Amino acid sequence: MRAIVYTQTGDSSVLESTEREIAEPGSGEIRVRIIVSGVNPTDWKTRRGSNAAPTGVESVPNQDGAGIVDAVGPGVSQFAVGDRVWLGISAWQRPASGTAQEYTITLASRAFPLPDAVSFDEGAVFGVPAVTAHRALTVAEDGPAQLAPGALDERVVLVAGGAGAVGHAAIQLARWAGATVITTVSGADKAALAAAAGAHHVVSYRDPDAEQQIRALAPDGVDIVVEVAAGANAALDQAVTHPRSTIASYGNDGGVPLTIEFGRAISLNLRYQFVLIYTMGPAAWAAAGAAITAAAADGALGIGDETGLPVHRYPLEQTAAAHDAVEGGVVGKVLIEVAEAVR
């Protein structure tokens, strides 16, 4: 089978096209014929060595993807040959299980049903972005552990960076669950994308009165903040929250140190929750997988320009260029077309 591999960390030039043997799944594993592979920032960061990728070990890039179950290993009962699936963090601690190859062996626990009406392109987008968004929306003290229609009724959610992949998923999932969604972006073009994703209100974080704008939209404060730049947005986040609000941060874009106004935070019983899906528990993974599959079946997780997430496609042989696009900050989602299939 065709595969993209690397044995040394570095820039995208370390990625090589090769032929690999098609392996058999072991206990608790499935083999998936990959149709579409999704590229996330974590993929190029791992390739560069930031996540301690093993040097000298043949690694296949990309954590997320979508395809068709081709074989099942002993002990697997939730999937059968022919099932359509989407994958999340397939290659976590499994260097050979990346999705930039025609077939991958992955843990059955990292696969989730892909509804018939949902395209493989859409399925390849879920993974890291949607699971991260779901986790951020379900860690509040008074909130649900799993999203569903009505789960966030009467809640106000502030999504920082609504034009990014995680921000886009957070807007869509929060809307599906019934929340009022406010998002912050850097300019008019990204504001249009966030509005297309479904945000009720869009605020430029560069406006000097951004806090006042958000407070006007949510006079009692926001219930949940989904945060991509914890340090840079700390003052704003803390200023627009209320007693027992949750600030769920999955990133610190810009690298600004996080400063907490302790007096205000403790008086409000403010909760900071840091979100990294690789190390969260199995119950949270199961809840996210079920909710994302349900939201997708309801048509709530669309992609493309019309839903605020432009898609950029590359053939498998151009995986290096796909990585460069994500590393360069392309707006939207980068997908790698591994095999032909009806989308």
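Note that the structure is predicted; figures quoted are calculated from it, not measured.
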**Any Thr246 side-chain heavy atom under 4.5 Å of Val225 side chain** = no
**Request:** Please answer whether the main-chain N or O of Ser119 pairs with a side-chain N or O of Glu122 as donor and acceptor at a distance below 3.5 Å.
**Result:** yes
**Item:** Contacts of type salt bridge (charged side-chain N to carboxylate O under 4.0 Å, His left out), residue Glu327, not counting sequence neighbours
**Value:** Arg47, Arg48
**Prompt:** Crowded around Ile266 CD1? As in, over 12 foreign heavy atoms under 6.0 Å?
**Reply:** no
**Message:** Show me the pairs that pass side-chain hydrogen bond (donor to acceptor under 3.5 Å, both in side chains) and involve residues 292-310, at least two apart or across chains.
**Reply:** Trp86-Thr293, Trp176-Asp298
**Prompt:** For Arg135, which residues count as a side chain to side chain donor-acceptor pair (under 3.5 Å) partner, sequence neighbours excluded?
**Reply:** none
**Fill in**
Sorted by chain and residue number, the side chain to side chain donor-acceptor pair (under 3.5 Å) partners of Arg20 (sequence neighbours excluded) come out as Glu58, Gln101
**Asked** Quick one: hydrophobic cluster around Val202, which other residues, with the 4.5 Å side-chain cut-off, linked directly or via members?
**Response** Val185
**Asked** According to the side-chain hydrogen bond (donor to acceptor under 3.5 Å, both in side chains) rule, which pairs have a member within residues 222-233, sequence neighbours left out?
**Response** Asp223-His242, Glu227-Asn233
**Prompt:** Which residue pairs pass the side-chain hydrogen bond (donor to acceptor under 3.5 Å, both in side chains) test with at least one member in residues 139-160, sequence neighbours excluded?
**Reply:** Asp142-Arg244
**Item:** Side-chain cluster (under 4.5 Å, hydrophobic types only) that Leu193 belongs to, other residues
**Value:** Val331
List the atom pairs, donor and acceptor, that lie under 3.5 Å between side-chain atoms in residues 62-73 and the rest of the protein, sequence neighbours left out.
from	atom 1	to	atom 2	distance (Å)
Asn62	OD1	His323	NE2	2.9
Asn62	ND2	Ser37	OG	2.9
Gln63	OE1	Ser90	N	3.4
Gln63	OE1	Ala91	N	2.9
Gln63	OE1	Trp92	N	3.1
Asp64	OD1	Ile89	N	3.3
Asp64	OD1	Val128	N	3.4
Asp64	OD2	Asn40	ND2	2.8
Asp64	OD2	Val128	N	2.7
Asp70	OD2	Arg31	NE	2.5
Asp70	OD2	Arg31	NH2	2.5

**Request:** Applying salt bridge (charged side-chain N to carboxylate O under 4.0 Å, His left out), name anything that partners Glu317, two or more places apart in sequence or on another chain.
**Result:** Arg2
**Asked** Would Ile214 end up clustered with Val159 when hydrophobic side chains under 4.5 Å apart are linked, directly or stepwise?
**Response** no
**Asked** Looking at residues at least two apart in the chain, or sitting in another chain, which of them share a ring pair (Phe, Tyr, Trp, His ring centres under 6.0 Å) with Tyr250?
**Response** none
**Inter-residue atom distance Ile34.CD1 - Leu316.CG, 0.5 Å rounding** = 10.5 Å
**Request:** Supply the members, apart from Tyr103, of the Ile/Leu/Val/Met/Phe/Trp/Tyr cluster built from side-chain contacts under 4.5 Å; use none for a lone residue.
**Result:** Met1, Ile22
